[in-house]
Structure formats: structure tokens, C-alpha cells
Amino acid sequence: METPKYEGSERRRKTRKPAAVIVKVRGTSPQAKPIVACTLDISAEGARLNLPGWTPEPGEIINVERGTEKSMFRIAWIGDPASGRRGQVGIQCLEQGKSIFQDKEEAKSDAAKNDLMRLLTKK
């Protein structure tokens with residue numbers, strides 16, 4: 001099976017912006033211990049993390065904590081060890097509307113835009 005290439009912005013619904021945010025990451029098993037990681041960039045729906053020393057599998061579900069906020073994410077891709085993305089993973093939020101990386105003001109703005117679009121397209 002060929003590994004998909006994750007290059008270019010056309011594959012994203014929301015743009016990512018550079019941001020270094022410290023988070024705690026842990027697997028979903030009860031004995032999983034938290035690992036401290038740092039984001040490299042974030043979007044409302046996911047992030048790119050620097051996770052040195054831990055090699056999760058694509059599709060694996062993880063819990064990510066930012067301060068008091070928590071959310072479940074899926075590992076979307078893993079950086080190629082032979083490239084400059086060694087130790088990096090892309091994560092996608094599984095809990096719609098609950099991404100811990102989305103700015104609260106941005107979320108309100110997005111919700112207002114969605115409400116307006118629903119009103120305008122109602123027949």
C-alpha cells in the first residue's frame with residue numbers, strides 16, 4: 001500500500017497557521033502515559049505536532065490536552081524518518097466543534113457565518 005503524500009494546501013478545509021503550543025498527548029489505553037509535545041502549526045480541525053520518541057500508527061486515536069481542554073484526535077499522517085519531518089505527525093480532531101486549537105472568537109465567527117448561510121439558502 002502506498003503512503004499518501006501530504007503536500008500542498010489544497011487538501012485542507014481550514015488553513016493552518018504557525019503556532020507553538022505545548023500539549024499533552026496520550027494513547028487511549030488506560031495505562032497510557034502522557035507525553036509532552038509541541039504544535040508546529042494549527043487549524044480549527046487539527047495540527048501538526050512534533051512528537052520525538054513516540055511513533056504512533058496512522059489512524060490511531062489519541063487524546064490531546066491543552067490546559068484544561070481535552071479532545072480526541074486521529075493520527076492523519078506520520079513524517080517520513082528519512083525527511084525533515086522526522087518525529088512529526090498530523091492530527092485531525094474527531095469531536096466536531098470541539099477542537100482545542102480553534103480560537104473561541106474564530107469559532108463564534110464561523111458559527112455566525114454558518115447560521116447566515118443556512119438562512120440564505122432556506123427555501
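Below, each value reflects all heavy atoms present in this structure, side chains not excepted, and no hydrogens, waters or symmetry copies. All residue numbers in this chain count up from 1 along the given sequence.
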Checklist entry - About how many Å separate CG of L49 and CD1 of I78, when rounded to the nearest 0.5 Å? => result 11.5 Å
Checklist entry - Given V21 and R66, is the side chain to side chain contact (heavy atoms under 4.5 Å, CB included) satisfied, shown in steps? => result CA-CA 8 Å; V21 177; R66 178 184 182 190; 3.4 Å; yes
Next on the checklist: Checking side chain to side chain contact (heavy atoms under 4.5 Å, CB included) between I100 and each of K70, E69, E95, E65, which is the one that passes?
Outcome noted: E69
Item to check | Pairing of R48 and D41 as salt bridge, 4.0 angstrom limit | outcome: yes
Item to check | Shortest non-hydrogen separation from S71 to C93 and the atoms involved | outcome: OG-SG, 3.3 Å
Checklist entry - Q88 and W77: which non-hydrogen atoms are nearest, and at how many Å? => result O-CZ3, 3.9 Å
Checklist entry - Between A32 and R26, what is the shortest heavy-atom contact and its length? => result O-NH1, 3.6 Å
Item to check | Smallest separation among heavy atoms of N63 and G27, with atom names | outcome: ND2-O, 3.7 Å
Checklist entry - Where do T28 and I61 come nearest, in terms of heavy atoms and distance? => result CG2-O, 3.4 Å
Item to check | Within one Ile-Leu-Val-Met-Phe-Trp-Tyr cluster: V89 and W54, side-chain cutoff 4.5 Å | outcome: yes
Item to check | Heavy-atom closest pair, residues T39 and A47 | outcome: CG2-CB, 4.3 Å
Next on the checklist: If I take atom CD1 from residue I91 and atom CD1 from residue I42, how far apart are they, to the nearest 0.5 angstrom?
Outcome noted: 10.5 Å
Next on the checklist: Please report the interatomic distance CD1(I75) to CD1(I62), rounded to the nearest 0.5 Å.
Outcome noted: 3.5 Å
